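Just below is one structure, and these are the notes that go with it.
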2 protein chains.
Amino acid sequence: MESNIDNVRAQMRKGMLEYCILCILAKREAYASAIIDELKAANLIVVEGTLYPLLIRQKNQGLLTYRWEESTQGPPRKYYCITDKGREQLGDMDTAWQEMETAINTLRG
Amino acid sequence: MESNIDNVRAQMRKGMLEYCILCILAKREAYASAIIDELKAANLIVVEGTLYPLLIRQKNQGLLTYRWEESTQGPPRKYYCITDKGREQLGDMDTAWQEMETAINTLRG
DNA sequence: TTTAGTACCTTGTATTGCATAGTATTAAAA
DNA sequence: TTTTAATACTATGCAATACAAGGTACTAAA
């Protein structure tokens, strides 16, 4: 049986990963593995099979673009960067996040 | 077409309502309509069809109990109150929430 | 006795998030 | 030359949420 808190975390995380991706790419462009590393550094464990569909979806929504860059350590890397539309969406997400923080503080206080 | 921020809010909210219910009931027992009112006061709009199944599930998980109380303004009310197990779960959820806050601050900072 | 207000509950469904598992490509290392 | 490590990508499907819509039942007032 799965521990309860794991499920709680999983549920809370839903809808947050897209926000996290935009947060990362708002600071600098990055390729998938680097994004995964940064998420891991923030204690959010994400695997490739989770991240790629998200990146593709955000790219298709016009929130991201990408460019190829050669690497001496394997195949070319796909560097994603945020678009103007992506920054706009990120602003909306900041707002939503702050509202959620406010709501929790109101209820918990 | 639905506005983007509404969708963002909806996604972020997923998984948060159970936490919010426990937050409310940790302060005082309440019946469904009162819970909806308090959620609304925190800018979280929830309808009955959403709340009732959640309350029933949390009751079945042993997180809540309830007692009936007569009302002079209509049918009896079902007052829910949080159990010890519910407070334990609430503690886990507080932890998960704080971890999420930390993660976002790390990524956004 | 009908109507309005309050309260509780159920069912079905759209959405969709994301995990699992597997494939393909490149270059360096053995 | 073969293996390994790093990277990119796809397909499939489970699990879970929250909402919409509809139903039941009790009380009091018109």
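What you see is a predicted model; the values in this text were computed from it and never measured. Residue numbering restarts at 1 for every chain, and letters A, B, ... go by the order of the sequence lines.
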Is [X] near enough to [N] that one of its side-chain N or O atoms lies under 4.0 angstrom from OP1 or OP2?
X	N	result
A/Arg57	C/dC18	no
B/Asn7	C/dT15	no
B/Tyr31	C/dC8	no

Under 4.0 angstrom, heavy atoms only, what part of the nucleic acid is [X] near: base, sugar-phosphate, or nothing?
X	answer
B/Leu55	nothing
A/Val47	base
B/Glu69	nothing
B/Ile56	sugar-phosphate
B/Gln11	sugar-phosphate
B/Ser71	nothing

Out of [options], which has the shortest distance to the side chain of [X]?
X	options	answer
A/Thr72	C/dT10, D/dA6, C/dA28	C/dA28
B/Arg13	D/dC19, C/dG17, C/dA7	D/dC19
A/Pro76	C/dT26, C/dT16, D/dT17	C/dT26
B/Ser33	C/dA7, D/dC9, C/dT25	C/dA7
A/Thr50	C/dT20, D/dT17, D/dA8	C/dT20
A/Glu48	C/dA7, C/dC8, D/dA8	D/dA8
B/Leu54	D/dA18, C/dT26, C/dT16	D/dA18

query = Once you round it to whole Å, what is the distance between P of D/dT17 and CE of A/Met12?
reply =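 In whole Å, D/dT17 P and A/Met12 CE are 12 Å from each other.
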
ask   = How about A/Tyr31 and A/Tyr79: are their ring centroids closer than 6.0 Å?
value =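 Yes, close enough.
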
task = Could you check A/Arg77 against A/Lys14 and say which one's nearest nucleotide on DNA chain D is further toward the 5' end?
result =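 So the residue in question is A/Arg77.
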
query = Starting at the 5' end of DNA chain D, which residue's closest nucleotide do you reach first, B/Gly74 or A/Tyr66?
reply =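 The answer here is A/Tyr66.
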
